[in-house]
Amino acid sequence: MKFDNKGVQKFVDDSVALCTPDKVVLIDGSEEQLESLRKEAMSTGEMIQLNQELLPGCYLHRTAVNDVARVEGRTFICTTKQEDAGPTNNWMQKDEAYELLKGIYKGAMKGRTMYVIPFSMGAIGSPFSKIGIELTDSIYVVLNMAIMTRVGIKVLETLGDSDDFVRGLHAKADIDEEKRYICQFPEDNTIMSVNSGYGGNVLLGKKCFALRIASYQGRNEGWMAEHMLILGIEKPDGETKYVAAAFPSACGKTNLAMLIPPKEFADKGYKVHTVGDDIAWIRVGKDGRLYAINPENGFFGVAPGTNAKSNPNALATTRKNTIFTNVVHNLENNTVWWEGLDKNPPKKAIDWKGNPWTEEDRANGVKGAHPNSRFTAPAKNCPCISDEFENPQGVPLDAIIFGGRRAKTAPLVYEARDWANGVFVGSIMASETTAAASGAVGVVRRDPMAMLPFCGYNMGDYFQHWLDMGEKVSKQPKIFNVNWFRTDENGNFLWPGFGDNMRVLDWILRRTEGTVDAVETPIGYVPKPEDIDLNGTDLTTADVANLLTVDKDLWREDAEGIEAFYAKLGDKLPAALRKELNTLKANLE
Ligand code: OXD
Ligand code: MN
């Protein structure tokens, strides 16, 4: 196969020599080619075509049972020096990693086809955008990449003869867990992923490129790649304000990104416009403000729990041209089902493992869909997708929101005192682990800026980069922390969440406009309870007051956890954050 771009040619030639596929096919981005791949995947059983009247263009795929989530333990940042990956990443010396991986990739595509996918993260040609070439032996990957990114010849034309592209090599190999590696080489713009077929490990544009490699590029080039949704809130006067928000995996980012305002807000004229649900690339604009784009072109959302009440927009998004992974196959009408979709699980069904899902299974509480089962759906299907989704210049940010899943410590919302304090607030984010990553569920872990599994370099340098970016911005967005997950002594959630989160966003917007007061606490500013609009809820001002309390004892305990986490960063911990921690401790005296 011949390419005009020398770098692309070498990457493809070297990878072909290593993996020895029988055939190499360039993905040109045409519907005809994608359709013939869908047919091929159907003929081999890799994908099942669903009811084309009810779910046009939709397919079902099942991964191997041992391959259902991102594998953080087998994800490596491979650099020359360990210090550059830092203490929060798994590290491999990069030359050793190449050696090890070469052994695993050798002949891995024998008897298979290698697909060459040119893809753009961000609208093709936008100054924010970056190009990648993913080589893969999986049709499932090709079809998912064609939803999640912009693929095809146009991307190669835009790349021209530039060497500025990310090289991603994915081989399914034998889906052998022992030889599964997700390796990022930020110094070489290279990703190598082998022995997995699960989206988060193999759709290399997403976590591997748009976060791990891009965060490193952003640091060198003066911009930021963040694990953030981007949301526009249109006010009754027609003005739309944008916020970006970071939450750890499976904390409801997609739901917040597609929020439907409560009736009382909708009646006044509030509307929500989704720009992105997972990743934001953020740059300083000519006017000195921060601008964000969503580099993706689709949503790779968690299916369980998505329903007509929790996220009607996401559900609507999945009704056509969507690939479902590891959900229940409803044999009654050849559609899909998952826990939390509705109260009517199909009686005749196949579970995510490909086995009959019986009455007995259901009675015994055996789940039909994997808790991390997913939909891959085009962004343009989303009923509330923003008109600015393709804007090559991005959208200006008025607020940055951090959030975690804390049962007791963090109040419903608080505002950082200034940028540096906001970076501190992001750096101390913590949450309970969820099913999106393999490992124990329900354990509290520190997840600074929700980037713990996604930062491609030393976390201490990453914090410094955040501090430095603040200096480059003349109109800094205000920084907030939210916690939708506070519970009472019986473990019941105190805040209704979902659409009612609009009530908190409303306070946040009013703070950015300077039209509402706040109360200072040891951790920052919280609302006056009466300033959270409760119209249309059963909640009282006293309930909100309870959600806003800052328990000094719990925070003293938390400060110890922060201290322990910061200690890991050693000399790389920016002095400004050490100072913030000292201030917090003093405020708690
Ligand atoms: C995701 C994740 O899939 O964060 O978005 O795990
Ligand atoms: Mn994510």
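Counting begins at 1 with the first residue of the sequence. All values below were derived from every heavy atom in this structure, side-chain atoms included, with hydrogens, water molecules and symmetry-related copies excluded. Each ligand, and each atom within it, is numbered from 1 in the order the structure gives.
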Which atoms of ligand 1 are found less than 4.0 Å from any heavy atom of [X]?
X      : value
Asp278 : 5 (O)
Lys207 : 1 (C), 2 (C), 3 (O), 4 (O), 5 (O)
His227 : 4 (O)
Arg70  : 2 (C), 4 (O), 6 (O)

[X] and [Y] ion-paired at < 4.0 Å:
X      : Y      : result
Lys253 : Asp278 : yes
Glu390 : Lys380 : no
Asp558 : Arg406 : yes
Arg38  : Glu46  : no
Glu178 : Arg180 : no

Worksheet, complete the sentence: The single option from Leu231, Leu315, Asn313, Val272 that satisfies side chain to side chain contact (heavy atoms under 4.5 Å, CB included) with Met258 is Asn313

Worksheet entry | Member of Thr149, Val141, Ile147 meeting the side chain to side chain contact (heavy atoms under 4.5 Å, CB included) criterion with Leu203 | Val141

Discussion item. Just by distance, no angles: are the side chains of Tyr198 and Arg374 close enough, under 3.5 Å, to form a donor-acceptor pair?
Written reply: yes

Worksheet item: How about His370 and Lys353: does a side-chain donor come under 3.5 Å of a side-chain acceptor?
Response: no

Practice prompt. Take every heavy atom of Lys253, measure it against each atom of ligand 1, and state whether any distance is under 4.0 Å.
Written response: no

Item to complete: Count up the protein N, O or S atoms sitting under 2.8 Å from the Mn ion (ligand 2), would you?
Response: 3

Item to complete: Indicate, as side chain, backbone, both or neither, the part of Arg374 found under 4.0 angstrom from ligand 1 when only non-hydrogen atoms are considered.
Response: side chain

